[in-house]
Novice: 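My structure is below; once you've seen it, I'll send some questions.
Any value given below was found using the heavy atoms of this structure, including those in side chains, with hydrogens, waters and symmetry copies removed.
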Amino acid sequence: AFEQELADLATEFANVEEITAAGDHQAAAVALKDLKQSVGQLADNVAAVPPLVINLVKVFPEQLDEIQTSYQSLTKHNFHFPDIDIPAQIEQVQEQMAASDKAIAAMDLVQAQSDNQAAADAIDSMYAAMEREMTARRTVERDEAMVSRFIVHAQRQNHALIVELDHLNQSYTLNNGELQEAKDLREELVTLDRQHQADVQAVDDHTAVFSAVADHLNAATTRLRAIE
């Protein structure tokens, strides 16, 4: 611990004085160099402690409080987080903070910094998960009705095309697969519509994961524009 480092430093200092008094200047120079390195290392350790402590007593607790409050509010407003267990992650961060505090007390600053970084990374991941779902909800609210209209429009166009091609096929032989391509497109639109209706129902039932629905909406929009 810190007290032991000070004791070791005092021993080194006494050793330098003893060697110098004995007149062995070469050995004294080596011992003095070692002493300077020990003093420098102690100074580095002392300088590294305050930022770690500030994280443990102020930064991390405030962030965890904010995350806890935000999580409770978001879940009340029908947000879901299937890819991350935020309450469990909060507990894990608290354990990492306790481990870091213990490491600082033992002046094991490498371990303390590792625990601090792990806690910071976990906190960042929780913030990112909540921000991702909030952003996705805005996308869902903006695009859900538009995609519904887009699908209906594409299905109407596709139906009209199949009717026209089928009529032509009765009078002429279509040998380049236009009719089959139109029917394949009809099946693709059915699949798109099925997924979209499932997402709409999930939103209505308050069970939707907004990021997943937003991904479906973005993919559907991209595909429908390509079809158009």
Side-chain angles (χ1 to χ4, degrees), residues 50-101 103 112-157 188-228:
L52 297 174
V53 173
I54 289 172
N55 279 342
L56 295 181
V57 302
K58 179 174 175 59
V59 177
F60 292 164
E62 289 179 355
Q63 290 176 327
L64 290 181
D65 285 345
E66 182 178 42
I67 289 170
Q68 181 69 48
T69 300
S70 298
Y71 175 75
Q72 291 173 345
S73 175
L74 290 173
T75 53
K76 286 180 181 178
H77 288 85
N78 307 311
F79 283 84
H80 303 280
F81 304 90
D83 298 329
I84 183 171
D85 186 340
I86 288 181
Q89 192 125 321
I90 289 174
E91 290 184 8
Q92 181 180 358
V93 169
Q94 291 169 335
E95 291 172 1
Q96 290 163 336
M97 290 167 60
S100 182
D101 185 54
Q113 289 168 340
S114 176
D115 291 330
N116 259 38
Q117 188 60 54
D121 290 345
I123 287 171
D124 286 345
S125 71
M126 288 186 282
Y127 274 123
M130 291 190 292
E131 179 61 31
R132 182 170 58 251
E133 292 304 319
M134 288 188 289
T135 300
R137 182 167 188 167
R138 291 192 290 270
T139 298
V140 171
E141 292 172 345
R142 182 193 67 208
D143 293 347
E144 184 182 78
M146 180 270 291
V147 170
S148 294
R149 293 192 299 270
F150 210 160
I151 290 174
V152 169
H153 176 68
Q155 287 178 319
R156 286 175 179 169
Q157 283 190 319
E188 183 180 356
L189 290 171
V190 167
T191 300
L192 276 177
D193 186 50
R194 186 180 298 117
Q195 178 65 68
H196 183 61
Q197 294 305 320
D199 287 338
V200 170
Q201 188 62 54
V203 171
D204 290 344
D205 292 342
H206 308 305
T207 60
V209 177
F210 292 112
S211 58
V213 176
D215 286 344
H216 295 159
L217 291 173
N218 289 333
T221 301
T222 299
R223 180 59 183 140
L224 289 165
R225 284 175 177 164
I227 292 170
E228 190 74 14

Novice: Could you state the interatomic distance from OG (S125) to CD1 (I67), rounded to the nearest 0.5 Å?
Specialist: 8.0 Å
Novice: Under a 3.5 Å threshold, yes or no: a donor from one side chain and an acceptor from the other, between Y127 and Q63?
Specialist: no
Novice: When you look at D85 and Q89, which way does the side chain to side chain donor-acceptor pair (under 3.5 Å) test go after all the steps?
Specialist: CA-CA 6 Å; D85 186 340; Q89 192 125 321; over 6 Å; no
Novice: Kindly compute the distance separating CZ (F60) from CG (L52), expressed to the nearest 0.5 Å.
Specialist: 8.5 Å
Novice: With rounding to the nearest 0.5 Å, note down the distance linking OG in S114 to CD in Q96.
Specialist: 9.0 Å
Novice: For S70 and E66, indicate whether the former's side chain and the latter's backbone hold a donor-acceptor pair under 3.5 Å.
Specialist: yes
Novice: Report the C-alpha separation of L64 and M97 in whole Å, then their side-chain angles, then the decisive distance to 0.1 Å, and conclude whether the side chain to side chain contact (heavy atoms under 4.5 Å, CB included) test is met.
Specialist: CA-CA 11 Å; L64 290 181; M97 290 167 60; 3.9 Å; yes
Novice: Do the charged groups of R137 and E133 touch, with an N to O distance under 4.0 Å?
Specialist: no
Novice: Under a 3.5 Å cutoff, is there a donor and acceptor pairing between the side chains of Q195 and T191?
Specialist: no
Novice: If you take all heavy atoms of A112 and A103, which pair is closest and at what distance?
Specialist: N-CB, 3.7 Å
Novice: Would S148 and E144 count as a side chain to side chain donor-acceptor pair (under 3.5 Å) here? Give the steps.
Specialist: CA-CA 6 Å; S148 294; E144 184 182 78; over 6 Å; no
Novice: Please tell me whether T135 and R132 have a donor and an acceptor in their side chains that are separated by less than 3.5 angstrom.
Specialist: no
Novice: Any chance you could lay out the side chain to side chain contact (heavy atoms under 4.5 Å, CB included) test for I151 and H196, step after step, and finish with the verdict?
Specialist: CA-CA 9 Å; I151 290 174; H196 183 61; 3.8 Å; yes
Novice: Looking only at heavy atoms, which two atoms of A214 and V140 are closest? And how far apart?
Specialist: N-CG2, 3.9 Å
Novice: Check whether any side-chain heavy atom of D101 sits under 4.5 Å from a side-chain heavy atom of V53, and report yes or no.
Specialist: no
Novice: Please test H216 against L192 for side chain to side chain contact (heavy atoms under 4.5 Å, CB included), starting from the C-alpha separation and ending with a verdict.
Specialist: CA-CA 9 Å; H216 295 159; L192 276 177; over 6 Å; no
Novice: Closer than 3.5 angstrom, by distance alone: can the side chain of H77 be matched with the main-chain N or O of S73 as a donor-acceptor pair?
Specialist: yes
Novice: Let me confirm one number: the CG-NE2 distance from L189 to H153, rounded to the nearest 0.5 Å.
Specialist: 11.0 Å
Novice: Begin from the C-alpha positions of M126 and I90 and carry the test side chain to side chain contact (heavy atoms under 4.5 Å, CB included) through to its verdict.
Specialist: CA-CA 9 Å; M126 288 186 282; I90 289 174; 3.8 Å; yes
Novice: Check the side chains of T207 and H80 for a donor-acceptor pair under 3.5 angstrom, ignoring hydrogens and angles.
Specialist: no
Novice: Would you give the length of the straight line joining atom CZ of R138 to atom CZ of R142, rounded to the nearest 0.5 angstrom?
Specialist: 10.0 Å
Novice: F79: which residues meet the ring pair (Phe, Tyr, Trp, His ring centres under 6.0 Å) condition with it, sequence neighbours left out?
Specialist: F210
Novice: Testing the basics here: between L74 and F81, what is the closest heavy-atom pair and its distance to 0.1 Å?
Specialist: CD1-CZ, 3.9 Å
Novice: To the nearest 0.5 Å, tell me how far Q94 CD sits from Q92 CD.
Specialist: 11.0 Å
